[in-house]
Amino acid sequence: MSNDPLTALVSIISSSVQNLQKSYSEQSLKLPTLDERYIPVPLDNDSQIKDSVERIVAAATQLIAAVRYPRDTIHEQAQSMYLSALLAFVVDVNIPEILNEVHNKSLHAKDIASRIGCDPSHISRVLRYLATRHIFKEVVPGEFANNRVSYELIKANNKTVAELQEKPLEKYADSGTAAFVGHAVGEGLMSSTALSDFLKSGGKHAKTPFNAAFNTDLTLWDWFTTSENSWRFGRFVAAMHHFAEGFKDEIFVNGYNWGKLTSNDVVVDVGGNMGTVTMALAKAFKEPKFIIQDLSPVISQAKGFWEEYDFFTEQPIKGAAVYFLRFIIQDWPTSEAIKILKRIREAANPSSSKLILFEFNVPYACEDPNTYPESIEVRTAPYPLLPNLGKGGGPNPTYVDIQMMTMLNGQGRDLGELIALGEASGWKLEAAKNDELSIFVFSPMWVF
Ligand SMILES: C[S@@+](CC[C@H](N)C(=O)[O-])C[C@H]1O[C@@H](n2cnc3c(N)ncnc32)[C@H](O)[C@@H]1O
């Protein structure tokens, strides 16, 4: 590997592309192109393919940052709100679906505009902005088509444009990425305008940037349940469902030695919501008894092994073999996260219970100077990539961290912070594994 960073980055890109070419050709598959719709293939789950894609993204982004004039990089990034806003616009007015429905799959901006009652010049400018960023394709001047990226915006509920236009408040149900974009912009972009004041006040300016931006004292969850926001809540649920679906069952099934548990053992999914993780585990392991806990409005819709529970009250299930929490701790500031974990520690059997957190590990953007036991896996990447793989690092734990801060005053945590959180609530981190999501296994500390 060359010591010159540019040559080293080009060489990572080149070897990773060759790896993709070889693997696709061995399976007689066509390599992805920007013009064609992405069709999932079994190779997508191959860890070497994922590594290659991550490295290409990491190295290409780093290469661009290294050679581009800094002023251009900053100008582009400071204006990235337009990208978010326009993505939400095209999703809102169903442009990806309109293009997909026409016979030859491309349409002039004036014809798109007439179908949605907008100004033709606005539409061509919006689509040209996006096509310049590889979202949609400008086929001939003023005429646009979907490409690999914009196809992803087509609502996954397969509704026709007429159906989407007839009941606009229902269009996000089961819509996948479209709901994710709608929530990210509808609630997230709006809230982000209050982020700077929140940060400058050390978090005292308002409970959260979301509270300041929407002029409400309600938590995001309570605000969603008000009648005027029920359509937003529906969109959020669809967005979260889509986000959670991205994590394959194997992450949870292989994340712990569940096979050693017997029919006397209990596994508690604390704040389990729809029980997605429990379902994956219960399919793979028949022995332990599974219990899902959540707040009463969630539980009232559920049957079977769901039980009502509030994180901040006494944990009713004593001495379970495993208490696990997915995407819970990141929703809360450290003071509250400690309370949640302490309630579980008080109920745990000090010599046999385990606590498992399925969370993003938000890794440093530099080498981790600490040493850890072998059972705690630390991510790293080849020179000269950032050790956390920068933009190539999976679904970007750093944006989830800032999103949690903005909406909930929550926090994505690095390894050191998770170890400290455990120790403050009576749990010692024993093992950590990194998949698309990280798995942290804790044992009770005797004294806390
Ligand atoms: C981000 S969701 C995660 C759901 C689930 N663990 C998953 O990964 O799909 C957070 C969950 O915490 C639940 N929750 C929020 N506050 C709670 C509380 N005080 N006690 C119990 N559950 C709570 C919510 O109802 C929601 O189901």
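For ligands, and for the atoms within them, numbers begin at 1 and follow the listed sequence.
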Tell me the protein heavy atom at minimum distance from atom 25 (O) of ligand 1, and give that distance in Å. Asp294 OD1, 2.6 Å

Answer yes when Lys248 and Asp435 have at least one side-chain N-carboxylate O distance shorter than 4.0 Å, and no when they do not. yes

Output the list of atoms in ligand 1 that are nearer than 4.0 Å to some heavy atom of Tyr309, sorted by atom number. 20 (N), 21 (C)

Looking at the rings of Phe252 and Phe358, which for Trp means the six-membered one, are their centres under 6.0 Å apart? yes

Face-on cation placement of Arg326 at Phe324 ring, 6.0 Å and 45° thresholds: no

What protein heavy atom is closest to atom 3 (C) of ligand 1, reported as residue, atom name and distance in Å? Arg326 O, 3.7 Å

Report the part of Asp331 (side chain from C-beta onward, or backbone N, CA, C, O) that has a heavy atom under 4.0 Å from ligand 1; answer both or neither where that applies. side chain

List ligand 1 atoms under 4.0 Å from Phe327, heavy atoms only on the residue side. 1 (C), 3 (C), 8 (O)

Determine the interplanar angle of the Phe233 and Phe236 rings, folded into 0 to 90°, and report it as parallel if under 30°, tilted if 30 to 60°, perpendicular if over 60°. parallel

Looking only at distances, can you tell me whether any N or O atom of Asp310, backbone or side chain, sits closer than 3.5 Å to an N or O atom of ligand 1? yes

Heavy-atom proximity to atom 16 (N) of ligand 1, picking from Phe311, Phe252, Phe358, points to Phe311

Inspect the contact between Lys289 and Asp265 and indicate whether a charged nitrogen and a carboxylate oxygen are less than 4.0 angstrom apart. no

In plain terms, say whether Glu54 and Lys50 are close enough for a salt bridge, that is, a side-chain N and a carboxylate O under 4.0 Å apart. no

Return the closest protein heavy atom for atom 5 (C) of ligand 1 as residue, atom name and distance. Gly271 O, 3.3 Å

Show me which atoms of ligand 1 lie under 4.0 Å from any heavy atom of Gly272. 5 (C), 6 (N)

Based purely on interatomic distance, does Trp221 place a nitrogen or oxygen under 3.5 Å from a nitrogen or oxygen of ligand 1? no

Nitrogen or oxygen atoms of Trp332 and ligand 1 under 3.5 Å apart: no

heavy-atom search around atom 10 (C) of ligand 1 in the protein gives Ile328 CD1, 3.7 Å

Between the side chains of Lys283 and Asp249, is the shortest nitrogen-to-carboxylate-oxygen separation below 4.0 Å, so that they form an ion pair? yes

Examine Phe327 together with Phe360 and report whether their ring centres are nearer than 6.0 Å. yes

Contact region, Val270 to ligand 1, non-hydrogen atoms below 4.0 Å, reads neither

I'd like to know if Lys171 and Glu163 make a salt bridge, using a cut-off of under 4.0 Å between side-chain N and carboxylate O. no

